[in-house]
Each structure stands twice: as C-alpha cells, then as structure tokens.
K.L.:
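Before I ask anything, let me first share the structure, which is written out below as structure tokens.
Basis for what follows: all heavy atoms, side chains included, without hydrogens, waters or symmetry-related copies. A note on names: the letters A, B, ... follow the listed sequences, proteins ahead of strands, and every chain is numbered from 1.
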Amino acid sequence: MKKLINKPEDVVVEALKGIEYAHPDLVKVHYEPNFIYRADAPVQGKVAIVSGGGSGHEPMHGGFVGMGMLDAACPGAVFTSPTPDQMLEATKMVHGGAGVLHIVKNYTGDILNFDMAADLARAEGIEVESVVINDDVAVQDSLYTAGRRGVGVTVLAEKICGAAAEEGRSLKDVAEVCRKVNGWGRSMGMALTSCTVPHAGKPTFDLPDDEMEIGIGIHGEPGRTRMKLKSADEITEMLMEPILNDLPFQAGDQVLLFVNSMGGTPLIELYIVYRKAYEIAAKAGLKVVRNLIGPYITSLEMAGCSITLLKMDDDLIRLWDAPVKTPALRWGV
Amino acid sequence: MKKLINKPEDVVVEALKGIEYAHPDLVKVHYEPNFIYRADAPVQGKVAIVSGGGSGHEPMHGGFVGMGMLDAACPGAVFTSPTPDQMLEATKMVHGGAGVLHIVKNYTGDILNFDMAADLARAEGIEVESVVINDDVAVQDSLYTAGRRGVGVTVLAEKICGAAAEEGRSLKDVAEVCRKVNGWGRSMGMALTSCTVPHAGKPTFDLPDDEMEIGIGIHGEPGRTRMKLKSADEITEMLMEPILNDLPFQAGDQVLLFVNSMGGTPLIELYIVYRKAYEIAAKAGLKVVRNLIGPYITSLEMAGCSITLLKMDDDLIRLWDAPVKTPALRWGV
Amino acid sequence: MPIGRDDVIAWLSVYSQLLADNKEYLTQLDSSIGDADHGVNMDRGFKAVLGKLPTVADKDIGTILKSVGMTLVQTVGGASGPLYGTFFLQAGVATANKMELSLADWASAVEGAINGLMARGKANIGDKTMVDALVPALHALKQAIADGVDESEALRQSASAAEQGMKNTIPLVARKGRASYLAERSAGHQDPGATSSYLMFKAMVDAWTK
Amino acid sequence: MPIGRDDVIAWLSVYSQLLADNKEYLTQLDSSIGDADHGVNMDRGFKAVLGKLPTVADKDIGTILKSVGMTLVQTVGGASGPLYGTFFLQAGVATANKMELSLADWASAVEGAINGLMARGKANIGDKTMVDALVPALHALKQAIADGVDESEALRQSASAAEQGMKNTIPLVARKGRASYLAERSAGHQDPGATSSYLMFKAMVDAWTK
Ligand SMILES: Nc1ncnc2c1ncn2[C@@H]1O[C@H](COP(=O)(O)OP(=O)(O)O)[C@@H](O)[C@H]1O
Ligand SMILES: Nc1ncnc2c1ncn2[C@@H]1O[C@H](COP(=O)(O)OP(=O)(O)O)[C@@H](O)[C@H]1O
Ligand SMILES: [Mg+2]
Ligand SMILES: [Mg+2]
Ligand SMILES: [Mg+2]
Ligand SMILES: [Mg+2]
C-alpha cells in the first residue's frame, strides 16, 4: 500500500487536523464526535445544511463546508458512514433556529445512521428534514432493493441547496429544491483501477492491465460489468447513454455537465472526457450552460471518472452561480 | 497503460478542445500553434504574462489563464517544452502595449525555446522580459550545470505576478516581483509511483511496492534518491528540512505553505502532509499566513507530493489575495 | 445453566476475540461484494465495547447489553453499526433489570433483538444479509428448547444453523446493502454480515459450553 | 564524390527512418535519465521534415537545411528541438545557395552547425549530451579528410567516432540537460541525445557509401 499516511487508524483525524490548520477562516473542526462546521455557525435564521458520509471522497463533504454550501459535514471512517452522535452534535451546533436539512446519500449505512440522528435531534426539538440522493443510473431502481446509490448529484445538491438556504428560504423550500435537484440529476461512473482502503492494505479488487469496471460507485466497490479497456470516447459514450436515456433529458434542455475524477485520474484526461461528453450532449440537443470538472467526489486514489448531468432551470442556474466560499468550491466572493 | 485517452498523439489537442468547450467565458484556445489565452485579450495598457511548458502538469499552465493571473499559456507535447512559434504568437496575441513577461521554468528546453521566442518577439518590436523560476532544492545549484528546476513556485509566481500586472505595474516592476517570489520560494517533491507518458506507453521508472523516490521534479523523472517507503510524517520532514535550510527562512517570517499533489495522490493525504508541514513550520517559528493545497502542478497520474514554502511580505500577501478568475484558481470575484 | 451477567460478558469477550481474529477475513469478504471495511468496522466497535464493559460489569444484563448497543451505534458506523447496535439495544430492552436468564429468556431476548434489527434494516431472509444467518439460528435455538434438548447442544444447533444460513448466502443475488449494487455479480460470494452474525452464535458455543 | 541536394535529401530520409526505427529505444534511454520523450520528439520532428522536404527539394542545399531547421524548431520542442534546429539552421547558413558540396565543404558546414548548437546549449565535451557524439565525429571527419583517406572511409570513421563518443557518455555524470538533476544517478546510462546524434552520422554512411 503506497499512501502518504501514518497509521491507518489515524488517517481521518490527521486529515481533519490538516483542515483545521488550513482553513480557520472558513471552518472549525470538532473532535469526538468528529465534524467540520462553518466558522460562523450557527447562522441565525438560516436553514442549516448538514451532510456526511464515509471518508475517502474528499473534498466531499468537508471541503464543501462554508458560506453558500454546507453548515456541517460528518466524516466517518474511510468508506464507512458516520455514526448518529456525529450528526446529532453537528445538527445541534449549526442549528440557527430555522431547522436543519440532512442531505443523505442513499447507502444503507448512511440512511440508518442519519435516521437515528434525525430522530434524536427531533427529540431535542430541532426541526429536521432529510433528503436522500440516489442518482446512480448504474444501479437498477427497485422497491425490493437498496435502490440507487447517491453519487455526483450530491455535490451539486449541496451547492445549490446551500445557496437556497443562504437566500433565506424555509426548510420546506430548501428540501424541495434538494428533491428537485435529485430528481433532475443522473450519474454514472467507471474505474480504470481499484483503490486501497488504508485498513485493508490491499486493493479492493484486482483489475488486469487491459480491463476496466463500468458502473462503479464511490466506495471502491466493483461495478456492474468488467470489460476490456476502451478509448476515452467510447467510455464517455458508455457513461452518457444510460444517463441520457434515464431521465430522459429532452432536446432543448439546459444542463450542467459535471465530469469528476475518482481521485487518481488527472485533469488532462478529464478534459478529454469533457470534450466528448459535451459533444454528445450537444448532439442530443442539450445546452450545457454550466459545468464542473475535477476531483470533487472521489474514491481515494482510484483512477477513473464519473459523469453527472443535471437539468437546470433559471432558479437552479441562479443558485449555482450564487457566491460560495468553502475550501474546495469558491466563487463570487 | 490505463488512461482516459484516445490516441497518444491527440491528447494535447483533445484536452485543449475540452478547455475550449468548458470555459468560453474565461479563455479562448488557438490551434497551430497551440495556446490558451484570456477571452478578453489583449488587455490594453496592462503588462501581459505568458507562460508555458510541456503538457501533463495540469492545471498548470492553461488552468491559470484568466483575470488576475496569466494572459496566455503555451502547452507543449506531454513533458516537452513548447516551440518558439507558440510563445511568439501568444505573445503577439496578448500584448496590450505595456510589454510581456515570460515566466519560464528552468529546464534547458523551456529556456531555449522561450529565448528564441523572446528574440523573435523583440524583433517585432514587443518589449519582453523573461524570468526563470528555479526553486527546487532537490537539485544542487551550480554554475556548471543546468541548475535547479522550476517547480511549485511557478504557480505562486503566476498568481502573484498576475495580480501585480492587474494593478497596472510596469513590466520592469512585474518582473521584479517575479524575481522576488522566485528568490523567496523553495520546493521539494517526492513520488510514490512513476507516471506513464502516453507516447511511451509504460511507466518512466519502476518502483517496488515498498520504495519511493525523493527529490523528483515534475516530468516523471526519477529523483535524487530512492529509499524504503516511510510514514507521511517522516516524508514531510524529509521535504521540509532542505527547504527550511536552503533559503534560510527565519523565525518570525510569514510564509505561504503550498502542499501539492503530483496528480495521483488524493486530497485526504495532502491534508495529512499539510498538518505535519504546518507543525514543522510552526516549530521553526514561521507564521503560515496563506496556503494552497491540491493538485496544481502535476506529473500526469504520478502519486506523491511536493511542498513549497514562500516567504511573504505585506505586498505579496495583498497580491496573493487579489481577485483571480481562471479555470483552476478563483477567488475574490 | 442459567445465564448470568458474567456469562454475557464472557460471550462478548469471546465474540470480540473472534472478530479480531477474523478481521481480515471479514474485510476480504466485503472486498468482493462491498467496500472492504466490515472486519475493520466490527473490530473497531467491539474493541470499544471491551473498553466500555468494565464500567457496566456490575450492572444488570439489560444495562450491559444496552451499553454494548450504544457503543456499537457510536463507533461502528456503516450499515452494520446501527444494525448490530439495534440488535443489542433491543436485547437490552428484553433483559432490563435481569441478573440472570434462562436459555428460554435468552432466546426471546435474541428474538426481540432480531426483530429490532429487521425492522430497522427492512431485509428479509434471502436478501443476502446478516438476517440469513440470524433468523435460522433463532429458529434452531427455539426449536431445540421446545424439543428439550440439552442446553449446550441447543446452542450448538443454533450456531450450526447460523453457519448453514451464512453459507446459503453464497449463491444468492443481493437485494439489500452494498452488495445489491452488483446485482448478478454478487452471486457466488458469502455475505460478510452473515458471517459476523454466525460468529456471534459461535461465540455463545465457545463461551457457554465446555 | 560531390554531395548534391539529392544526397542531402537521401541522408535526411535515411536519418528519419533510423529515428523512427529507434523511437522506442531513444525514449527508453530518456526514461532512465530524463523524461521519456526523446524518441517521440525526434520522430515527430523528422516526420514533419519528411512532409516538408518535397516543398523545398528543388531549392539549394542551404535552403533545404534551413527549412529542416525551422521545421525542427517548430515541431520538436524540448531541449533537442532548438538544439537540432540550430544545428540545421547553421548548416544551412554555411551552405547557402550551394547546389553541390565537396566533403570538405560538408565538414565545415557541420562544424558551423555544431558551433551553433554549442553556443545555444552551452554544453561542453564531457557534460553527457549530444555534444559528446558530435564533436568527436566532426574531428574524425576533418582528420580523415586531412589525411586524404577515401571519402566513404572518412564517413565511416566519423560515424564510428560518434558511436564511441556516444558510448563514452555512459559512465559520465551529467552536467547539462535533464539528466543533471539526477547527479550521480545519471552515471551508468547512455545519453539519449548523444545516441540520436550518432544516428545522424550513421545515416551519412548508410546514405552516402555503398
Ligand atoms: N438492510 C440490511 N439489513 C440487514 N443487514 C444488512 C442490510 N444492509 C446491509 N446489511 C449487512 O451489512 C453488511 C455490511 O456491513 P458493513 O460492511 O459493516 O457496512 P457497509 O455496507 O456500510 O460498509 C452486509 O454484509 C449485510 O450483511
Ligand atoms: N545544454 C545542452 N546542450 C546540448 N545538448 C543538450 C543540452 N541539454 C540537453 N541536451 C541533450 O538533449 C537530450 C534530451 O532531449 P529531449 O529528451 O528531446 O529533450 P528534453 O530533455 O527537454 O525532454 C539529452 O539527452 C542531451 O543529449
Ligand atoms: Mg462501509
Ligand atoms: Mg521533454
Ligand atoms: Mg462494508
Ligand atoms: Mg526528454
């Protein structure tokens, strides 16, 4: 295992320490239970937004804490959802009197732990709404299964809901925006390599030099199918097609196109994929009005990418453009 | 070779196409010769800043083109410095009447090609100043050799000089700022893995699972020494020590601490390194007043990191904080 | 053989040790169809439980089990944290204020625990989860008690039903948890949660039978 | 044996082919002490030269060589682009308006070319660069001409001096170019640029001797 770490069990806390040292103007870090929260929390009268999940997806979620995005983020162990006490304490810390939105990615662990936390917070008199993000078209949607994973749309929802909260919208309205974003967004990912969970010490799966996994999530898990390596253009087509067919997007739609690195894929390759994805979107009659390109929701050092397409209307565009000031996303201020 | 590319010979142009599609509000792309330039170039009366170098270091330099930073960036083939016609055409395109600063990393190829371009531009009546960045303490400085490589300080110099130019300072003054930044900054890097140049198709060097290279540059070249893998804290010490001793920095100095990913190292590990580097700096009596953490000057998908320390004074701090709006660095606007 | 609080603590200690011994094995199973953390998660949780036990060792069985549940909820995370957490919290509810339990008391505490876990996780038999080991183990235990078999033997039958249930998960296509994302590709692999559940029943045999 | 412009073009074609054939070898050498692109750089440049040659084939030797130099400067990049570019530009200066050269004319054109290259790169013999192959090759050529040896033999002696110079780079510690960053670690490896320079002289033998 080749990583810049000390002991596997110290990875999360030492990274938190780094964040604490690096961004005191933006965030504070609470230990035991662990969470990152806005330096100026609680913002009175504003709906607070709390998210969280396993570590290993950086900058998500901790890098998105700050003005215009999250009020708090709860990091679990690597790829392990955080525990209810983290979300409960974070919720109490950032609650500014207008209620708290929990943005939860659809994984059994995240759902169960956030549910417990929400129950506990409500028992303490805090109004909590939870919205579950489940945008991964690689997973068949079904009533009888755990359903689709929450992936790339999470980043977009956190940005957009953060702006809505900043505007002073009510908890109900911010949750509504979140559900709309979730409903209008679709993602799919692929891996060129596995990643290594620090505690496990070896790659989660073995992938021969000429093969790739299509339909992966963000936890280093294998995907839906393994196949021979293909060109960037072919891979981009394989990711875009199920996305385009699923919603379905319609000619004339305005969209945000998000090309994300799984961690180990460098920017130069993302732009090659973006180029093709943009051309496919244009051919489908979609107007790419906004984009995001880079490592924003990652799987440790996994090489690969995911593509997210989010239908936009004027309200969403305005919320996307609104000022944001976090360690990982910053504009307009 | 596992990469999201089509043909090796198309990597640079296809990535440029992606940049063109993605950031039309910020930059334009010129092909044959290839360069990226500010969408609003030339900015009349402002000193223009042109940089460039081999591709494979993204976001450097193309991601730094825009308001408050570079006016143009010339990408060569992967790890191959660009040719003089690129720098000449870029220089002519962005020249706004106040002269052009060439920021050149100290590599024989970059120096020779930029020199030729500067001569040609001067012959066409454009005032050109060149500043060479050579901040890599892993290389012994000597009159008889090619000298030290230009690495991390390049990013900082481009940001700071961009702000100085935006303020309306003269070419002489902007070049002076650049030389000051180069004089006040030191860097050192290390690799956990090699990287693969697309055309070469296999890793530049083989590194056993339990070894690392210390003192690497940014072109996938082996470093000064190979040794057994160590912990993040030990590695950070090995990078910080030569940096601290070289300038030397003095207790009480204000510094900018830049922890950079070589491409394949994820953010969570960078924060672990940042944590230790910050503590070492603090122990040396340095005050870390600004920082930058992320993949900004990379070697394709190489895993590893570099650390850059830049002494700051109030002028440099103000220039660092000044608004910047580029694909890869954005704040204050 | 009444089950005293020392027995409960002995069981928890043995289970912790089994989890520590099988940490890599469980993580390995989770690598194939999950995210390579189940062994690490369970070991972290039960290490914390071991640390907590001395502070409640002089309390009643219900308090001990609830403290285990709370500790797991706060240290494990993932899917298994709230699930095993709920299991122990509910077992604690059923044994509140008890200093000693008959095997039948214990069986009904386990039943309440499993019901709580299933209510939380909404998985059924055949979904390829821990439920596939837990439910057969409970049925075997209840059956053995009803049949009046020797208590040690009852525990052994229960554990072996858990083991069989665990093995039965191999051919299944997962419908719950992370493995469900793999759909057909999840078949052919043993469920990690079912495996840690089997170990829990094996720990009763190891701790309570000679 | 006067050297006509067709001979110059034949030489350039043979050299292009040698570079194409040795693209991976040169890149491999550059992997050990550089950045793994020398073969790719030279091949890209000389492919462009081949494409350009037809447009200048009816011109004088000086024009042909200058066009080669300009093409290399604009397509190779890296250190070798301006260096080989300068080499050919200066060779073109020395042969301006010539339709035919004696071997002595050619030797002095090569001398001008090498001087230009060395003025640009500021490397000397022993710095572990292309200079280590070029300078001995030139000296051998001049010596052979002075000694009045057969022209084919003179070219062969020149190429073999280049080859020896190239091999001599192996033990050297680099002082110029990328390999200098490796300091002592650069010893034990053959310099890629010296290798492509040797191939340039080998191409004269292949093209001009039977
Ligand atoms: N809905 C559920 N009901 C019961 N057990 C479940 C459910 N979802 C997952 N599990 C169990 O949890 C195990 C995985 O636990 P663990 O790896 O610790 O958590 P995570 O899946 O969050 O990484 C699975 O093997 C499965 O047995
Ligand atoms: N200053 C110099 N003078 C002469 N030759 C040099 C000099 N610097 C480098 N070289 C030659 O250039 C070769 C490397 O060329 P190439 O790999 O194409 O460029 P780069 O080093 O920019 O990647 C070296 O092997 C060496 O022979
Ligand atoms: Mg997990
Ligand atoms: Mg090069
Ligand atoms: Mg798991
Ligand atoms: Mg090279």
K.L.:
Using distance alone, with no hydrogens and no angle criterion, decide if B/E14 and A/Y271 have a side-chain donor and acceptor under 3.5 Å apart.
P.N.:
no
K.L.:
If I measure from the heavy atoms of chain A, does B/V333 come under 4.5 Å with its side chain, its backbone, both, or neither?
P.N.:
backbone
K.L.:
Non-hydrogen atoms of chain B under 4.5 Å away: do they reach the side chain of A/I293, the backbone, both or neither?
P.N.:
side chain
K.L.:
Closest heavy-atom contact between A/L300 and B/P266?
P.N.:
O-CB, 3.6 Å
K.L.:
Taking side chain as everything from C-beta outward and backbone as N, CA, C, O, which of these in A/T265 sits under 4.5 Å from a heavy atom of chain B? Side chain, backbone, both or neither.
P.N.:
side chain
K.L.:
Contact part of B/E211 toward chain A, heavy-atom cut-off under 4.5 Å: side chain, backbone, both or neither?
P.N.:
backbone
K.L.:
Answer yes or no: is there a donor N or O on one side and an acceptor on the other, between the side chain of B/D209 and the main chain of A/K2, under 3.5 Å?
P.N.:
no
K.L.:
Identify which part of B/M302 has an atom lying under 4.5 Å from any heavy atom of chain A, answering side chain, backbone, both or neither.
P.N.:
neither
K.L.:
I want to check something: taking the side chain as every heavy atom from C-beta on, are B/L4 and A/C305 in contact at a cut-off of under 4.5 Å?
P.N.:
yes
K.L.:
Under a 4.5 Å heavy-atom cut-off, does chain A meet the side chain of B/N291, its backbone, both or neither?
P.N.:
side chain
K.L.:
Does B/E58 reach the main-chain N or O of A/I268 with its side chain, forming a donor-acceptor pair under 3.5 Å?
P.N.:
no
K.L.:
What part of B/A303 gets closer than 4.5 Å to chain A, counting heavy atoms only: side chain, backbone, both or neither?
P.N.:
neither
K.L.:
Of all heavy-atom pairs between B/V11 and A/I272, which one has the smallest distance, and what is that distance?
P.N.:
O-CD1, 3.7 Å
K.L.:
Taking all non-hydrogen atoms of both residues into account, name the closest pair between A/Y21 and B/R275 and its distance.
P.N.:
CE1-O, 3.6 Å
K.L.:
With a strict 4.5 Å heavy-atom criterion, list every residue of residues 196-208 of chain A that contacts chain B, or say none.
P.N.:
A/L207, A/P208
K.L.:
Determine the option with the most heavy-atom pairs under 4.5 angstrom with chain B, choosing from A/C195, A/P59, A/G332, A/A232.
P.N.:
A/A232
